Student: 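Below is a structure I'd like to ask you about.
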Amino acid sequence: MEIGKFYDVAFMAGRYDIEYEKGVKCIKKTPKSYRVEREDGTTRLIGQDSIMDLKLVSQFANTKT
């Protein structure tokens with residue numbers, strides 16, 4: 001992930017749980033995790049080892065008109 005870009009992410013949130021975040025913006029990168037921001041302004045920490053699928057999306061697809 002690169003800071004400032006928007007992504008759709010699928011990641012493991014537990015032993016048997018898979019969670020999805022759609023259209024989140026990467027705002028911080030550490031050696032073991034990423035901090036992403038959702039459209040509503042809340043943030044979430046995602047571990048680098050837990051990411052199963054990562055898709056770069058256009059930032060213009062996330063704006064409301």
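These numbers were taken from a predicted model, which means no experiment stands behind them.
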Student: So does Glu19 pair up with Arg44, basic N to acidic O under 4.0 Å?
Tutor: yes
Student: How about Asp17: does its CG atom have over 12 heavy atoms from other parts shown lying under 6.0 Å from it?
Tutor: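 Enclosed: over 12 neighbouring heavy atoms sit under 6.0 Å from CG of Asp17.
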Student: To the nearest 0.5 Å, what is the distance between CD on Glu37 and CZ on Phe6?
Tutor: 8.0 Å
Student: Quick check: do Tyr20 and Asp53 have side-chain heavy atoms less than 4.5 Å from each other?
Tutor: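 No. Closest side-chain heavy atoms not under 4.5 Å.
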Student: If I compare all heavy atoms of Cys26 with all of Tyr7, which pair ends up nearest, and what's the gap?
Tutor: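 Answer, listing the atom of Cys26 first, then Tyr7: CB-CE1, 4.3 Å.
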Student: Using every non-hydrogen atom in the two residues, find where Leu56 and Lys5 come nearest and quote the distance to one decimal.
Tutor: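 Looking at all heavy atoms of both residues, the closest pair is CD1-CB, 3.9 Å.
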Student: Is there a continuous path of hydrophobic side-chain contacts, each under 4.5 Å between heavy atoms, that joins Val9 to Ile18?
Tutor: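 Val9 and Ile18: separate clusters.
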Student: Taking all non-hydrogen atoms of both residues into account, name the closest pair between Leu54 and Met1 and its distance.
Tutor: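 Minimum heavy-atom separation between Leu54 and Met1: CD1-CE, 3.6 Å.
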Student: Would you name the heavy atoms of Leu45 and Ser33 that are closest together and state the gap between them?
Tutor: CD1-OG, 3.4 Å
Student: Under 3.5 Å, is there a donor-acceptor pair between the side chain of Asp8 and the main chain of Lys22?
Tutor: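 No.
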Student: Over all heavy atoms of both residues, which pair between Ile27 and Ile3 is shortest? Give the atoms and the distance, please.
Tutor: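 Looking at all heavy atoms of both residues, the shortest contact is O-CG2, 4.0 Å.
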Student: With rounding to the nearest 0.5 angstrom, report the CD to OG1 distance, Gln48 to Thr30.
Tutor: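 Between Gln48 CD and Thr30 OG1, I get 6.5 Å after rounding to 0.5 Å.
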Student: Can you find a pair of side-chain heavy atoms, one from Met52 and one from Phe11, that are under 4.5 Å apart?
Tutor: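 No, their side chains stay 4.5 Å or more apart.
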Student: Do you know which two heavy atoms are closest between Arg38 and Val24, and how far apart they sit?
Tutor: CG-CG1, 4.1 Å
Student: Taking the side chain as everything from C-beta on, heavy atoms only, tell me whether Val36 gets closer than 4.5 Å to Lys25.
Tutor: no
